[in-house]
Protein chains: 2
Amino acid sequence: MPRAHHVEIQLTPKKRRTQAARTAETRSRIIAAVTDLIAERGFARTTAQEISTRAGVTWGAVQHHFGGKDGILAAVLEASFNHFADRVSETPVAGVDLETRVSSFVDKAWEHYSSRHYRTTFEILLNVQGRDDESSTADPADVPRWQGRMYEAWNEVWISVFPDARPGRRREFFIQHYTLSVLSGLAATLMLQGDGAQLPSEELDLLKRTIVAELAPSSSKDNRFDKKVD
Amino acid sequence: MPRAHHVEIQLTPKKRRTQAARTAETRSRIIAAVTDLIAERGFARTTAQEISTRAGVTWGAVQHHFGGKDGILAAVLEASFNHFADRVSETPVAGVDLETRVSSFVDKAWEHYSSRHYRTTFEILLNVQGRDDESSTADPADVPRWQGRMYEAWNEVWISVFPDARPGRRREFFIQHYTLSVLSGLAATLMLQGDGAQLPSEELDLLKRTIVAELAPSSSKDNRFDKKVD
DNA sequence: ACATTTACATATTGCATGCAATGTAAAATG
DNA sequence: CATTTTACATTGCATGCAATATGTAAATGT
C-alpha cells in the first residue's frame, strides 16, 4: 500500500467556490506536498517540478501564493511549528500527578518529533543554514530566530504543564534542552532507519524517569516508569 | 580569524615524491576538503568546483582517484567511521571503575559526535537516502548497511569497555541505543546552533549518570555525576 | 635515455533547476 | 452583463552542475 500522499483528481468540474476557499485549499495542498516530499525524498529532490506534481497545481500557482521556493519553506516551517505547539499543548494538566504529566508531555512531543513535520523542519533548517555567507537576500528561515522561537514555545508549554516543578530558570532550561536533545536524537535515528523503525518506548520511558528525577528528586525512587531487568 | 581549512600554496616546485606518497596526500586532501565543506556549507553546496578549490586540485584528479562524487562520499564515510572508532577505542579500561569508564567513554564519543566528521556523515546519509527510488546504480552509501556497521562498532567497543556490566544483550542494545540517541540529539542541536554553542557538559553528565544507573542500579545512589541543585 | 604507466589539468557537453514574463480562467464588483 | 481583480497555467531563459573526453606532467620500469 503506497504511503505517498495522493492528490484526488476530480474529473468533473468543481462547484463554484469563493476565492478565499480556493486560496486556502491551494496553499494547504502546496504546504502538505512540500512537507511530504522533503520528508520522503529529501530537501534536494523537492524541486519545483515535484512540488507542482504532488500538489496538483502549476508553478504559477505556487509563485502567486508564495513567491517562490523560499516563501514555501517559510510557510512550511510555520505550519510545522504549529503542529508542534498543537501537539504539546494537548497535555492534560489539571489534577494530574507529575509522573503522568511528564509521560503525557513526552508522548505528545514525540508525536511531533516522529512526524514528517519535524523531519521536514530539520532538513529545511539544515539546508538553509549553509547559505549564511551568500547573498543578503531575505532568509526564508533565519535559523537562530527559529530556534529561539522553538525554545520559547518549549518554555511556555513546560511552565504550563509543570507549574509545580520549578527548580529554577537555569535548571529548567537544562532539563528542557536535555529532553529536546533526546527527542531530536531519537528522531535522527528514525530518519536514517526509515520504514520498519519501532516506537522507541523503552527509550522514551527512560527519558520520562530522568525528567521526573530531575524535577522531583525525592519522588524518583519509586518511579512507575522503572523497567524490570529482564 | 577564518576557520576554513586553508590549503598551503607552495610557490617552489615540490621535491620528487613517490607515486604512493602523491596518491596518499591527494586523497587525504580531497577527503578533508569534502568533510570540511559539507560540515560548513552543507551537502548541496559541496559542488565539484568547491571541492577542487578547497582541496587544491582539479576535478580530473578527483575523478582519477574516486571516479566521481559518489566515490568521494563513500571514502568520506569510511574516514568518518574510522574517526569514530579511533575516538571511542581510546577509552581506558584496565583497573578503572565503572563510573570513570562511563565518563571517559561518553567524552570520547562526544568528541566524534561534536565533530565535523559526524555532521558530514549525517548529511551524506540523509541526502543519499532520498535516492532509494531512483536509478539502480551502485549506492555510495547504503544507509542500512552503514547503520548496521555503526551499531556493530558501538557494540564491540561497549563490550570491551564494560565487560563487567552485562545486563543482557537486549538491555545492552537498549542502553547503547539510548546513549547514541542522546549524543545524536545533542549533535543535532549543535548543528543548528553553529558557532558559539557551548559544550553541553550538564547534559553529558546527566547521560553519564543515566548510563551508570542502567548498568549498575545498586551503585547509582551515590553517583559522582550528581548535580547539586542551585 | 626511452617507453610505459599513473597522476593530474583543461575544455566541453548535456541536463536539471528556479524563476520571470505573459496569457487564460475564475471570482468579485459595479 | 461588463469590467476589474485574483488565481492559475504555460513558455522560455539563464544559470549551475556533474561527468566525459582529451591532453600534459610526473613517476616507474627496462
Side-chain angles (χ1 to χ4, degrees), chain A residues 7 9-10 12-30 33-34 37-38 41-74 124 127-128 130-131 134-135 137-138 140, chain B residues 7 9-10 12-30 33-34 37-38 41-74 124 127-128 130-131 134-135 137-138 140:
Chain A
V7 175
I9 310 295
Q10 289 179 307
T12 56
K14 286 174 174 171
K15 60 191 179 183
R16 200 175 172 82
R17 294 178 298 148
T18 65
Q19 275 184 325
R22 278 186 80 183
T23 292
E25 190 202 332
T26 302
R27 289 176 70 92
S28 176
R29 283 160 71 134
I30 293 169
V34 173
L37 280 170
I38 292 181
R41 309 193 66 198
F43 185 92
R45 276 165 212 85
T46 302
T47 63
Q49 175 78 41
E50 291 287 346
I51 292 170
S52 298
T53 304
R54 182 68 72 97
V57 297
T58 60
W59 190 249
V62 176
Q63 280 196 300
H64 172 73
H65 286 287
F66 297 102
K69 265 262 192 101
D70 285 354
I72 310 176
L73 298 183
I124 292 173
N127 276 275
V128 157
R131 300 183 189 178
E134 283 176 17
S135 69
T137 55
Chain B
V7 175
I9 309 295
Q10 288 180 310
T12 55
K14 287 175 172 165
K15 64 190 178 183
R16 200 175 174 81
R17 292 179 296 150
T18 65
Q19 275 186 324
R22 278 186 80 182
T23 291
E25 190 204 330
T26 302
R27 289 176 69 92
S28 175
R29 284 161 73 134
I30 294 169
V34 174
L37 280 169
I38 293 181
R41 309 194 67 197
F43 186 91
R45 274 164 213 86
T46 302
T47 63
Q49 174 77 41
E50 292 285 348
I51 293 169
S52 298
T53 303
R54 182 68 70 98
V57 296
T58 60
W59 190 248
V62 176
Q63 277 206 300
H64 171 73
H65 286 286
F66 296 102
K69 264 266 194 98
D70 284 356
I72 311 177
L73 298 183
I124 292 174
N127 275 275
V128 156
R131 299 184 190 177
E134 282 178 15
S135 72
T137 56

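Within every chain, numbering begins at 1; the chains are lettered A, B, ... in the order of the sequence lines, protein sequences first and strands thereafter.
In terms of heavy-atom proximity, R17(B) sits nearest to E25(B) at NH1-OE1, 2.5 Å. Of all heavy-atom pairs spanning A33(A) and I51(A), the tightest one is CB-O, 4.2 Å. The heavy-atom pair separating T58(A) from S52(A) by the smallest distance is C-OG, 3.8 Å. Heavy atoms only, all atoms of each residue included: H65(A) and R27(A) are closest at O-NH1, 3.2 Å. The shortest non-hydrogen separation linking T47(A) to A44(A) is CG2-O, 4.1 Å.
OP1 and OP2 of dC8(D) both lie 4.0 Å or more from every side-chain N or O belonging to H64(A). Within the structure, a side-chain polar atom (N or O) of T26(A) is placed less than 4.0 Å from OP1 or OP2 of dC8(D). Residue T58(A) has no polar side-chain atom (N or O) positioned under 4.0 Å from OP1 or OP2 of dT10(D). Regarding contacts with the backbone of dA20(C), a side-chain N or O of Q63(A) is found under 4.0 angstrom from either OP1 or OP2.
For the pair T46(A)/R54(A), no side-chain contact is recorded, criterion being any heavy-atom separation below 4.5 Å from C-beta on.
The distance from atom CD of Q49(B) to atom P of dA9(C) is 13 Å, rounded to the nearest whole Å. At whole-Å resolution of the value, CD in E50(A) and C1' in dA16(C) are 12 Å apart. Put simply, CG on L73(B) is 9 Å from P on dA19(D), counting in whole angstrom units. The separation between E25(B) atom CD and dA27(D) atom P is 12 Å, rounded to whole Å. The CG-P distance, from D70(A) to dA20(C), rounds to 11 Å in whole Å. For the pair I51(A) CD1 and dC8(D) P, the computed distance is 16 Å after rounding to whole Å. Rounded to whole Å, the distance from CZ on R41(A) to P on dA16(C) is 13 Å. Put simply, CZ on F43(B) is 13 Å from P on dC17(D), counting in whole angstrom units.
Positionally, the nearest nucleotide of DNA chain D for H65(A) lies more toward the 5' end than for the other of H65(A) and K69(B).
Counting only heavy atoms from C-beta on, W59(A) has its side chain closest to dC19(C) among dA19(D), dC19(C), dA7(C). Taking every side-chain heavy atom of R22(B) into account, dA27(D) is the closest of dA27(D), dA9(C), dA19(D).
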Pair L73(A)-F66(A), side-chain contact (heavy atoms from CB on, under 4.5 Å): steps then yes or no: CA-CA 9 Å; L73(A) 298 183; F66(A) 297 102; over 6 Å; no

Would you tabulate the nitrogen or oxygen pairs shorter than 3.5 Å linking the protein to nucleotides 28-30 of chain C?
| residue | atom | partner | partner atom | Å |
| --- | --- | --- | --- | --- |
| dA28(C) | OP1 | Q19(A) | N | 3.3 |

